[in-house]
Amino acid sequence: MNAFLHQFLLFHNNHTTSMPSMICFLLGFVVSSFLFIFVFKKLLSRHNMSEVSGLPSVPVVPGLPLIGNLLQLKEKKPHKTFTRWSELYGPIYSIKMGSSSLVVLNSTETAKEAMVTRFASISTRKLSNALTVLTCNKSMVATSDYDDFHKLVKRCILNGLLGANAQKRKRHYRDALIENVTSKLHAHTRDHPEEPVNFRAIFEHELFGVALKQAFGKDIESIHVDELGETLSREEIFKVLVHDMMEGAIDVDWRDFFPYLKWIPNNSFESRIQQKHKRRLAVMNALIQDTLKQNDSDDCYLNYLMSEGKTLTMEQIAILVWETIIETADTTLVTTEWAIYELAKHQSVQDRLCEEIQSVCGGEKIKEEKLPLLPYVNAIFHETLRKYSPAPLVPIRYAHEDTEIGGYHVPAGSEIAINIYGCNMDKKRWEKPEEWWPERFLDDRYELSDLHKTMAFGAGKRVCAGALQASLMAGIAIGRLVQEFEWKLRDGEEENVDTYGLTSQKLYPLMAIINPRPSSS
Ligand code: HEM
């Protein structure tokens, strides 16, 4: 979802650019140079105080003419670059991404101001070209503007799937997930005791199963897709619905940075995105038809939307059901994988966790009811979310009227990037933020039941709708996996901390050596 910042790199790396589009581009360059001189003159004549509000203008990170700060962002981890800049320019500053201005917020205070206090002025989204296609023009809850459509679909997703009552009804899916994961891990220790286990492969498979059961009432082994004329296996369905979509979301279209050049074709980008989008819709349509035909999955999200979302089109329903699949399959995996990585690295944390679990559960396996009695599990979950926020940058918001953030004037038309990673790594707020140290959340200042100890789930009216589900699944996984196994990193694994694209997902799947604990057999 946060992929739009890298399009400039493609612009540099795209060796397949055709001759006519090169000519178009050169023409565009000349036109844009004139435009730039015009805009630059205007900027020079501006005061750095707003004449309307009397507030100072947001500090500016110096960049180059025409492309602004794009070259400085080429290392592919914009959230990290933004965080470094915040040490020089403060928690709020503005940058130029080609011709667009972006106000970047890097502290909990400024982020909350934008998400809560000033929400009425900053409630719309600004999507990249890739996301506009992949979200069917904002047909997802998470990417829609704050309008009647959003209110309807947010109510549906909470009542039908993610709210506390709905999550109680889906409890058996989560219980099955952890039973399946632990029994596969036990089987691994029996069959290949010396070999490292690929934790992601096992957890991802089960999580996708939960996503499918919530969406369609059942796990799916294969599906025939008439529109594609082929039968897809479960792995292929995962690729089309999750993997290709994650890849598409971070695809690049340089025209995002130069909207006045949008008349120049970018055929390779268009065909890549359209192909992914069409395959996803074809597979969703096949899964929907299959579920409706069987008529035996009453308590699934598809049926809920069909009965409660009467004004929605079938395409919107397909996207809204798909949204729950990709959100379930991705963020909880990212959090749990990093939590297990850190636990495997810190034996003393595993020991302390085992003691807590033993004193609360005795010989019983941890159940969800016990989570409120296990502050250390809770602290490990939140510390992992802080250090590895699965959504390091919130999809861009847009100020539709003049507003104020952090004592600065933010003019109408500004795009706003909220750097959650920056908020959670802010040295003024967190002691030694680079360190993974769950004990920080055992402090009396933090309520055990508060899901928002960090900015990882956002804040205000657009706060994450899936926070409860994520905390239940990741909390139980952290507890059960350490209750039943001793974890160690395989040699060389500690250095594998790189992340995939702009996301926080671990680039290489976690490979760990596991031993069953004596009490778990
Ligand atoms: C650790 C796991 C998760 C994290 C860190 C996370 C993070 C976030 C963040 C930061 C936002 C706010 C975006 C914004 O303000 O613009 C958000 C929104 C949202 N999340 Fe999550 N999420 C997680 C898990 C989930 C899950 C499992 C689901 C559903 C199955 C989900 C569904 C949603 C939805 C529907 C929204 C949009 C809410 C709205 O716009 O009103 N999330 N999430």
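First listed ligand is number 1; within each ligand, the first listed atom is number 1. Along the sequence shown, the residues carry numbers beginning at 1.
Listed by chain and number, the residues in a side chain to side chain contact (heavy atoms under 4.5 Å, CB included) with Asp175 are Arg171 (sequence neighbours excluded). For Ser471, the side chain to side chain donor-acceptor pair (under 3.5 Å) test picks out no residue, with sequence neighbours left out.
Remark: distances from the non-hydrogen atoms of Pro390 to ligand 1 include one below 4.0 Å. Using a non-hydrogen distance threshold of 4.0 Å, Arg397 registers as a contact of ligand 1. Every heavy atom of Leu161 sits 4.0 Å or more from the atoms of ligand 1.
Residue contact check: Val394 has heavy atoms under 4.0 Å from atoms 13 (C), 14 (C), 15 (O), 16 (O) of ligand 1. Set against the non-hydrogen atoms of Val463, the atoms of ligand 1 under 4.0 Å away are 38 (C). Counting the atoms of ligand 1 from 1 in the order shown, those under 4.0 Å from a heavy atom of Gln469 are 27 (C), 30 (C). Listed by number with element, the atoms of ligand 1 under 4.0 angstrom from any heavy atom of Leu162 are 29 (C), 30 (C). Of all atoms in ligand 1, listed by their number and element, those nearer than 4.0 Å to a heavy atom of Thr328 are 30 (C). Residue contact check: His150 has heavy atoms under 4.0 Å from atoms 39 (C), 40 (O), 41 (O) of ligand 1. Heavy-atom contacts of Ile420 reach the following atoms of ligand 1: 10 (C) (cutoff under 4.0 Å).
Of the candidates Glu206, Glu484, Glu179, Glu206 is the only one forming a salt bridge (charged side-chain N to carboxylate O under 4.0 Å, His left out) with Lys184.
Electrostatic pairing of Lys428 and Asp426 does not count as a salt bridge here, judged by no charged N lying under 4.0 Å from a carboxylate O. The pair Lys276-Asp244 does not count as a salt bridge, with every side-chain nitrogen at least 4.0 angstrom from each carboxylate oxygen. For Glu439 and Arg352, the salt-bridge test passes: some basic side-chain N is under 4.0 Å from an acidic carboxylate O.
Phe82 and Trp85 have tilted rings, their planes meeting at an angle from 30° to 60° on a 0 to 90° scale. Ring geometry, Trp430 versus Tyr446: the interplanar angle falls under 30°, so the pair is classed parallel (tilted spans 30 to 60°).
Open room surrounds NZ on Lys370; 12 or fewer heavy atoms of other groups in view lie less than 6.0 Å from it.
Under 4.0 angstrom from ligand 1, there are no non-hydrogen atoms of Val334. Of all the heavy atoms of Lys154, the ones lying under 4.0 Å from any atom of ligand 1 belong exclusively to the side chain. Contact annotation for Ile418 and ligand 1: no heavy atom of the residue comes within less than 4.0 Å of the ligand.
Checking His382 against Arg440 by side-chain atom types alone, no donor-acceptor pair falls below 3.5 Å. Side chains of Ser86 and Thr83: no donor on one and acceptor on the other come within 3.5 Å.
Here the heavy atom of the protein found nearest to atom 10 (C) of ligand 1 is Ala456 O, 3.2 Å. The shortest contact between atom 1 (C) of ligand 1 and any protein heavy atom is with Thr335 OG1, 3.3 Å.
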Listed pairs under 3.5 Å, donor-acceptor, residues 331-339 side chains, sequence neighbours left out:
unit_1 : atom_1 : unit_2 : atom_2 : d
Thr331 : OG1    : Glu327 : O      : 3.1
Thr335 : OG1    : Thr331 : O      : 2.8
Thr336 : OG1    : Thr332 : O      : 2.7
Glu337 : OE1    : Arg200 : NE     : 3.1
Glu337 : OE1    : Arg200 : NH2    : 3.1
Glu337 : OE2    : Arg200 : NE     : 3.1
Glu337 : OE2    : Leu510 : N      : 2.9
Trp338 : NE1    : Ser504 : O      : 2.7

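Under a cutoff of 6.0 Å and an axis angle of 45°, Lys506 and Tyr500 do not form a cation-pi pair.
Which of Arg462, Arg125, Glu323, Met115 comes nearest to atom 16 (O) of ligand 1 through a heavy atom is settled by distance: it is Arg125.
Closer than 2.8 Å to atom 21 (Fe) of ligand 1 sit the protein N, O or S atoms Cys464 SG.
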Derivation of the salt bridge (Lys or Arg N to Asp or Glu O under 4.0 Å) call for Glu87 and Lys427: CA-CA 9 Å; Glu87 285 167 19; Lys427 291 195 177 87; 3.1 Å; yes
